[in-house]
Amino acid sequence: MFISTRSPLVPVVALGLAAAIFAVDALTPLDVAIAVLYVAVVLLSVAVWPRRGVIAVTGLCIALTLIAYGMSHGFAQNDAALARCLVSLAAIAITGFLALKGQAAALALLEREEALNQARGQLAHASRVSTLGELAASIAHEVNQPLAAIETHGEACLRWMNRPEPDLGEVRTAVQAMQRDARRASEVIRRIRGMASQSAPAFIALDVNEVVAESCDLLRRELQRHGAGLKLDLQSDLPAVKADKIQLQQVIINLVMNAAQAMAGAGARERRIEVRSFVDRDGDGENGQNGQHADVPAVVVEIADSGPGFAPDDLRRLFDAFFTTKQDGMGMGLPICRSIIESHGGAIRAWNRAPHGAAMAFRIPVAASAVELPA
């Protein structure tokens, strides 16, 4: 039976094994270095106890070896038995030393991995804040629109109330419109605060279509500024994915903005962006290219534009850190997007469309609870 190193049975197994080795070593007349088997006890202790615990177990095994030798041979001169005892002691000591070194190296590796994850999160947060800075005018417009509508409805409400015979029906309609616009402004602010916040990722079941729609809603003004039209082709009844909403929004906003800026920078006459979602059951994706976890059903989001596409040399380097085709770009947007998608167990890729245009798509595995896929 296999026992995980995290199982509470491991300490019991280690102590039971130590007791069995001691009993065989002390109470049976075997002329073999049975105490060498204590190295297994030392190795088990690494998975259960920290440094001090491993040292204590190593010391206990050495003490048990000496006690067993004393019980079996006493003070009688027996060079062969003494040699076997010394070999066992050396093996236990060396195993304990190497186990401590390995444990220290593993802890250092975990600390470096944690520091790397923190740095990656801080970089992703900085990228989101930078993106929000670029969208400042669009955000102001999105907030000002419902505020202006609230003011207009408020003035209308006062006019209906100040009439000789107040029209309560019109007043009610105006107040309801004010409430609707206030909720809209509050929702925009909530999304912006979420994008700007720096918090630990929260992986929850999400409807990808809702995330796409909310992300694109924040970009409407920016797309108008670049003269780009947006079409959403979202498959209904998509299965849920387990993802962090803010990080997923960051990826979608980055890819859509890249498409709009690429078309504007190239002076494309027709500027069209199409965002579609669908279920990839077989992992084949587009153009027959497989992604990670191709055997797991996934939700795919694809962003395609009508621009000039990628240069062949650029296409191979798109996701390299600090590589950019923008004059004022940092070259970190796409690498961060790839890091986010891969942390969700998915994959992201880019290709050129025929006869022209570029496309990027990412896939995220369907959540384990979403067992039924749309037909």
Side-chain angles (χ1 to χ4, degrees), residues 1-74 80-122 199-205 242-244 292-293 296 339 342-346 365 367-369:
M1 181 181 67
F2 175 77
I3 300 177
S4 169
T5 56
R6 296 181 181 273
S7 171
L9 292 176
V10 175
V12 178
V13 172
L15 294 176
L17 181 58
I21 294 170
F22 176 77
V24 173
D25 192 22
L27 304 177
T28 61
L30 293 177
D31 291 331
V32 293
I34 191 68
V36 170
L37 296 179
Y38 281 122
V39 299
V41 179
V42 175
L43 293 176
L44 283 174
S45 71
V46 177
V48 182
W49 293 292
R51 179 182 176 84
R52 291 183 179 179
V54 176
I55 294 174
V57 169
T58 303
L60 176 63
C61 291
I62 291 174
L64 291 176
T65 302
L66 294 174
I67 293 172
Y69 177 80
M71 292 175 62
S72 300
H73 304 284
L82 180 60
R84 290 193 295 272
C85 179
L86 293 176
V87 168
S88 299
L89 293 174
I92 296 169
I94 292 172
T95 302
F97 175 77
L98 295 177
L100 290 172
K101 286 290 186 181
Q103 188 181 62
L107 290 175
L109 184 61
L110 289 175
E111 291 175 356
R112 285 197 294 270
E113 183 67 22
E114 183 179 355
L116 181 61
N117 289 334
Q118 290 178 352
R120 187 182 294 117
Q122 291 172 355
S199 56
F203 290 85
I204 59 175
K242 194 172 184 180
D244 179 80
Q292 294 179 354
H293 307 280
V296 179
S339 175
E342 288 181 352
S343 71
H344 285 72
S369 58

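Computed from heavy atoms alone, side chains included, the values below leave out hydrogens, waters and symmetry copies.
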At their closest point, which heavy atom of [X] faces which heavy atom of [Y], and how far apart are they?
X     : Y     : answer
Val46 : Val54 : CA-CG2, 3.9 Å
Ala35 : Asp25 : CB-OD2, 3.8 Å
Pro11 : Trp49 : CB-CZ2, 3.9 Å

Point-to-point distance, once rounded to the nearest 0.5 Å, from CG of Leu66 to CG of Leu89
5.0 Å
What is the distance from atom CG of Leu98 to atom CD1 of Ile94, rounded to the nearest 0.5 Å?
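Between Leu98 CG and Ile94 CD1, I get 7.5 Å after rounding to 0.5 Å.
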Would the distance check show the side chain of Thr65 and the main-chain N or O of Cys85 forming a donor-acceptor pair, the cut-off being under 3.5 Å?
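No, the answer is negative, given that no donor and acceptor are paired below the 3.5 Å cut-off.
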For Asp244, does its backbone N or O pair with a side-chain atom of His344 as donor and acceptor, under 3.5 Å?
yes
side-chain contact (heavy atoms from CB on, under 4.5 Å) against [X], all qualifying residues, sequence neighbours excluded:
X     : result
Ile67 : Phe22, Met71
Ala80 : Asn78, Arg84
Ile21 : Leu17, Leu37, Tyr38, Val41

Thr95: which of Leu43, Val36, Thr58 passes side-chain contact (heavy atoms from CB on, under 4.5 Å):
Leu43
